[in-house]
A.B. asks: 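Right, I'll just put the structure down here and ask away after.
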Amino acid sequence: MHTDPQYIILLGPPASGKGTQATKLRAALELPHIASGDLFRYNLKHQTELGLKAKGYMEQGELVPDAITIRMVMARLRQPDCAGGALLDGFPRTIAQAEALEAALAEEEAQVNLVLNIVVPDDVLVERVTGRRLCRECGASYHVKFLPPQAAGICDKCGGELYQRPDDTEETVRTRIAVYWEQTSPLVDYYRQQSVLVDIDGNQSVEKVTESLTAKVAPIMVSRN
Ligand code: AP5
């Protein structure tokens, strides 16, 4: 049995399905799901200093500065539940973040093992973002057209109220997509050159995308069990 830590990155533009797929993969991989956007939203909700620093950037659809983001994610990765690795969602998002991650993992004699690059056309992303609804209580994610709840506005799982993220407007998502192309897409070549990146067609049903991803992570699952 291999017990080496495994670091898997879900890379992709806003609303490409990173969060949706992470919730399906994390149990099978037995890895904690670390989503930088969720960490920021948690801090925002609890009005921490970090949350207040991130607020304006998030509302505008811009990236939070690297120094703040790197410090936050590294602190999370040092928690004991990450000793066996992590499924990273939304981090890294710049070359500087990728280099900081690489340096931190190298100190533990670990590395990024696999980057799952979810590819979805920009026009599909806009429709996905504007239709997304989330549960205020349990965080479950829905889509008014592609994954509607049984009763409008109410979570199927816990009965909580569904809401729309403030950065899920058409105007903000267009900025987020532009930011993705400018600052995050260079990571595709960065990781391709390291031979750890695989492309996944994210413009299929949720189930089909899960199948494609599962096929790519299967060797890692086998080595962990
Ligand atoms: P973050 O929360 O990471 O947002 P994002 O990357 O824009 O990603 P999303 O959460 O919008 O989408 P997703 O890919 O998880 O898609 P989902 O599965 O929900 O970041 C928010 C902000 O925080 C950033 O703008 C930035 O300010 C800051 N930030 C975060 N990380 C940072 C970093 N590293 N550096 C600097 N700043 C950072 O799916 C979307 C919708 O589509 C859902 O409704 C879902 O039901 C539906 N859907 C999913 N898959 C399918 C499918 N196959 N078919 C049909 N519908 C689907």
Side-chain angles (χ1 to χ4, degrees), residues 1-39 63 66 69-79 81-121 125 177 179-204 206 208-225:
M1 182 175 93
H2 296 265
T3 52
D4 295 342
Q6 297 291 328
Y7 291 90
I8 301 175
I9 294 171
L10 283 165
L11 186 65
S16 51
K18 303 183 295 294
T20 301
Q21 297 300 331
T23 56
K24 294 177 183 293
L25 291 181
R26 66 186 171 197
L29 284 165
E30 295 179 20
L31 288 174
H33 169 206
I34 314 288
S36 43
D38 289 348
L39 293 176
L63 293 186
D66 283 335
T69 307
I70 290 167
R71 205 175 320 123
M72 174 184 75
V73 176
M74 293 308 155
R76 178 66 188 89
L77 285 175
R78 283 193 292 272
Q79 299 294 307
D81 64 321
C82 296
L87 177 61
L88 288 159
D89 159 4
F91 182 93
R93 238 165 158 117
T94 63
I95 297 285
Q97 292 179 17
E99 288 173 347
L101 176 66
E102 201 172 318
L105 297 186
E107 280 178 25
E108 313 293 326
E109 295 183 12
Q111 72 262 317
V112 170
N113 301 86
L114 182 63
V115 179
L116 299 159
N117 179 38
I118 307 182
V119 182
V120 178
L125 299 173
I177 292 171
V179 165
Y180 166 81
W181 284 111
E182 217 173 278
Q183 300 189 55
T184 305
S185 68
L187 289 177
V188 173
D189 277 345
Y190 179 87
Y191 284 121
R192 210 185 291 287
Q193 278 164 17
Q194 295 184 13
S195 307
V196 289
L197 182 133
V198 290
D199 292 318
I200 302 290
D201 177 6
N203 194 18
Q204 325 175 65
V206 170
K208 288 271 180 214
V209 179
T210 307
E211 266 176 41
S212 309
L213 290 167
T214 304
K216 299 297 179 191
V217 300
I220 288 176
M221 285 160 62
V222 168
S223 73
R224 287 177 63 78
N225 293 316

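Since the model is a prediction, treat every value here as computed from it, not as a measurement.
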A.B. asks: Got a sec, which pairs hit side-chain hydrogen bond (donor to acceptor under 3.5 Å, both in side chains) with one end in residues 103-112, sequence neighbours left out?
C.D. replies: none

A.B. asks: Output every pair passing side-chain hydrogen bond (donor to acceptor under 3.5 Å, both in side chains) with a member in residues 12-22, not counting sequence neighbours, ordered by first then second residue.
C.D. replies: Q21-T210

A.B. asks: Taking all non-hydrogen atoms of both residues into account, name the closest pair between Y191 and A98 and its distance.
C.D. replies: OH-CB, 3.4 Å

A.B. asks: Would you say T94's side chain and Q183's backbone share a donor-acceptor pair under 3.5 angstrom?
C.D. replies: no

A.B. asks: Between A110 and Y7, what is the shortest heavy-atom contact and its length?
C.D. replies: CB-CE1, 3.9 Å

A.B. asks: Counting only N and O atoms by type, is there a donor-acceptor contact under 3.5 Å from the side chain of N203 to the main-chain atoms of V120?
C.D. replies: no

A.B. asks: Measuring from E99:CD to I70:CD1, what's the distance to the nearest 0.5 Å?
C.D. replies: 9.0 Å

A.B. asks: Hey, what do you get for CD1 (I200) to OG1 (T214), rounding to the nearest 0.5 Å?
C.D. replies: 9.0 Å

A.B. asks: Counting N and O atoms only, with roles assigned by atom type, does the side chain of Q97 sit under 3.5 Å from a partner on the main chain of R93, one being a donor and the other an acceptor?
C.D. replies: yes

A.B. asks: Looking at every heavy atom in both L31 and G85, which two are closest together, and how far apart are they?
C.D. replies: CD2-C, 3.7 Å

A.B. asks: Which value, rounded to the nearest 0.5 Å, describes the distance between D89 atom CG and T23 atom OG1?
C.D. replies: 9.5 Å

A.B. asks: With rounding to the nearest 0.5 Å, note down the distance linking CD in Q6 to CG in L87.
C.D. replies: 11.5 Å

A.B. asks: Is the closest side-chain heavy-atom distance between V196 and N113 below 4.5 Å?
C.D. replies: no

A.B. asks: Where do K24 and V206 land on the side-chain contact (heavy atoms from CB on, under 4.5 Å) test, with the steps shown first?
C.D. replies: CA-CA 10 Å; K24 294 177 183 293; V206 170; 3.5 Å; yes

A.B. asks: Write down the atom of F91, the atom of I9, and the distance for their closest heavy-atom approach.
C.D. replies: O-CG2, 4.0 Å

A.B. asks: Please name the pair of heavy atoms, one in V188 and one in L197, separated by the smallest distance, quoted to 0.1 Å.
C.D. replies: O-CD1, 3.7 Å

A.B. asks: How far does CG of N117 sit from CG of D201, to the nearest 0.5 angstrom?
C.D. replies: 11.0 Å

A.B. asks: Once salt bridge (charged side-chain N to carboxylate O under 4.0 Å, His left out) is applied, what residue pairs with a partner in residues 180-193 remain, sequence neighbours excluded?
C.D. replies: R192-D199

A.B. asks: Minimum heavy-atom separation for P92 to L187, with atom names?
C.D. replies: O-CD1, 3.4 Å

A.B. asks: How far does CD1 of I177 sit from OG of S185, to the nearest 0.5 angstrom?
C.D. replies: 12.5 Å

A.B. asks: Pair S212, Q204 - check side-chain contact (heavy atoms from CB on, under 4.5 Å), show working.
C.D. replies: CA-CA 10 Å; S212 309; Q204 325 175 65; 3.5 Å; yes

A.B. asks: Check whether any side-chain heavy atom of L101 sits under 4.5 Å from a side-chain heavy atom of V73, and report yes or no.
C.D. replies: no

A.B. asks: Passes side-chain contact (heavy atoms from CB on, under 4.5 Å), L29 versus I8? Steps please.
C.D. replies: CA-CA 10 Å; L29 284 165; I8 301 175; 3.8 Å; yes

